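Working notes, structure below.
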Amino acid sequence: MSTKSVMKKLPEVTLAFWIMKIAATTLGETAGDLFAQTLKLGYFVTTVALFLLFVVTLVVQLRSRHYNPFFYWTVILSTSMAGTTMSDFMNRDASAKYLSGGAKSLGWGPQGLGLGYPEGAAILISILLAIFLAWKLSGMTFQIRDIVTFRGEVLFWSAILVSNTLGTSMGDFLSDSSGLGYLGGALLITGLLAMLVALMKVPVVPNVLLFWIAFVLTRPLGATAGDFLTKPVAKGGLDLGTAGSSAVLLVVLFGLMAYAHVQERRTAEPSLEAKAVRQEAGRR
């Protein structure tokens, strides 16, 4: 079956796509911190719960027969939340610098692996490269608008989960350990994204490569933006709290989902009308 005969399962990559991606990843950062830190569930319990949520949302997306903005962006959000706590669990431990409010633990279960950002990032990069290698060897396309098979979607979402986890590690490193702070880290990533936009005009640079680099980089942008919203003023943040920031971002994201759904229906209606006209002409 050709890709032209199958309804698309994934969205077109437009400016609206990237705006929603940043909104979803920022919400993923604040919501992940809300469950793990503010509600004191800890990284381990939260990671298990959010990974199960990711599996549920992914099943819904995989079972859908066509692109649905609510299904797609819910999976993106769940990978962002799970990626936040997965990264924290890998990189952090029960040291005082990772605890807040006089807490003495990070919740029930293991307190964290304490690998640190460089080691954690190296592991995640290796896993991501392994996924891309398997993807390449499978012979399936990297162009997301042409991914229509079950196996292609599984590879795509595996790469998304790992890239969001990697992006969280990068964002936390820039915010906490690089000396740039939240605003400095966000400005650095924005500059790198601007360079990628410029490279789109260079014919020898594959747009698929630029897409995946941008996808990874927008995650630390969301992470630093989330930290900027929630962290105390003394640490360079706005001190809006994880609950308040998550609520506002959730409203924004659902508004963008609704807009994308309306746009998708408007795009689909002319196609359906054209198909009906062709079928009627064929009967004649």
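Nothing here was measured: the structure is a model prediction, and the numbers come from that model.
A donor-acceptor contact under 3.5 angstrom links the side chains of Thr47 and Thr85, judged on distance only. For the residue pair Thr57 / Ser78, a side-chain donor-acceptor distance below 3.5 Å is found, with atom types taken as modelled.
The nearest pair of heavy atoms linking Met257 to Thr74 is CE-N, 3.9 Å. The shortest non-hydrogen separation linking Thr218 to Lys21 is OG1-NZ, 2.7 Å. Residues Leu199 and Val205 share a closest heavy-atom pair of O-CB, 4.1 Å. Contact record, Ser245 with Leu229: OG-CB, 3.7 Å, taken as the closest heavy-atom pair. What you find for Gly28 and Thr84 is that their closest heavy atoms are O-OG1, 3.3 Å. Residues Thr230 and Gly241 come closest through the heavy atom pair CG2-O, 3.5 Å.
The line from OH of Tyr117 to CE of Met90 is 12.0 Å long, rounded to the nearest 0.5 Å. Note: Thr165 OG1 to Ile160 CD1 = 11.0 Å, rounded to the nearest 0.5 Å.
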What pairs of donor and acceptor atoms, side-chain ones from residues 121-139 against any protein atom, are under 3.5 angstrom apart with sequence neighbours left out?
from: Ser126; atom 1: OG; to: Ala122; atom 2: O; distance (Å): 2.9
from: Trp135; atom 1: NE1; to: Thr141; atom 2: O; distance (Å): 3.0
from: Ser138; atom 1: OG; to: Trp135; atom 2: O; distance (Å): 2.5
from: Ser138; atom 1: OG; to: Met140; atom 2: N; distance (Å): 3.3

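Both Leu193 and Leu209 are assigned to one and the same hydrophobic cluster, defined by single-linkage of ILVMFWY side chains at heavy-atom distances under 4.5 Å. Clustering ILVMFWY residues whenever any of their side-chain heavy atoms sit less than 4.5 angstrom apart, transitively, puts Leu217 in the very cluster that holds Leu15. Grouping the Ile, Leu, Val, Met, Phe, Trp and Tyr side chains by contacts below 4.5 angstrom, directly or via other members, places Leu240 apart from Val251. One hydrophobic cluster, built from ILVMFWY side chains closer than 4.5 Å, cannot hold both Val45 and Val56; they sit in different ones. One hydrophobic cluster, built from ILVMFWY side chains closer than 4.5 Å, cannot hold both Tyr259 and Trp18; they sit in different ones.
In this structure, Phe71 and Val75 have side chains that are not in contact, with every pair of non-hydrogen atoms separated by 4.5 Å or more. Side chains of Met170 and Leu166 form a contact here, defined as non-hydrogen atoms less than 4.5 Å apart. Inter-residue side-chain proximity for Phe215 and Asn164 is flagged as met; some heavy-atom pair is nearer than 4.5 Å. Using a 4.5 Å heavy-atom cutoff, the side chains of Leu161 and Met86 are in contact. You'll find the side chain of Gln37 reaches within 4.5 Å of the side chain of Tyr43, heavy atoms only. At least one side-chain heavy atom of Met195 sits under 4.5 Å from a side-chain heavy atom of Leu192. You'll find the side chain of Leu196 reaches within 4.5 Å of the side chain of Ile213, heavy atoms only. Contact check for Phe211 versus Phe142: no side-chain heavy atoms found under the 4.5 Å cut-off.
Aromatic ring pairs are classed by plane angle as parallel below 30°, tilted from 30° to 60° and perpendicular above 60°; the pair Phe44 and Phe89 is tilted.
Open room surrounds CZ on Phe51; 12 or fewer heavy atoms of other groups in view lie less than 6.0 Å from it.
The aromatic ring centres of Phe17 and Trp73 sit less than 6.0 Å apart.
Side chain of Thr79 to backbone of Ile76: a donor-acceptor contact under 3.5 angstrom is found.
Under the salt bridge (Lys or Arg N to Asp or Glu O under 4.0 Å) criterion, the residue pairs touching residues 26-38 are Glu29-Arg219, with sequence neighbours excluded.
Here the options are Phe54, Tyr72, Phe150, the test is ring-ring contact (aromatic ring centres under 6.0 Å, His included), and the partner is Trp157; only Tyr72 passes. Screening Thr30, Thr38, Thr26 for a side chain to side chain donor-acceptor pair (under 3.5 Å) with Ser246, the sole residue that qualifies is Thr30.
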Worked verdict on Asn91 versus Ser87 for side chain to side chain donor-acceptor pair (under 3.5 Å): CA-CA 6 Å; Asn91 299 324; Ser87 169; 3.1 Å; yes

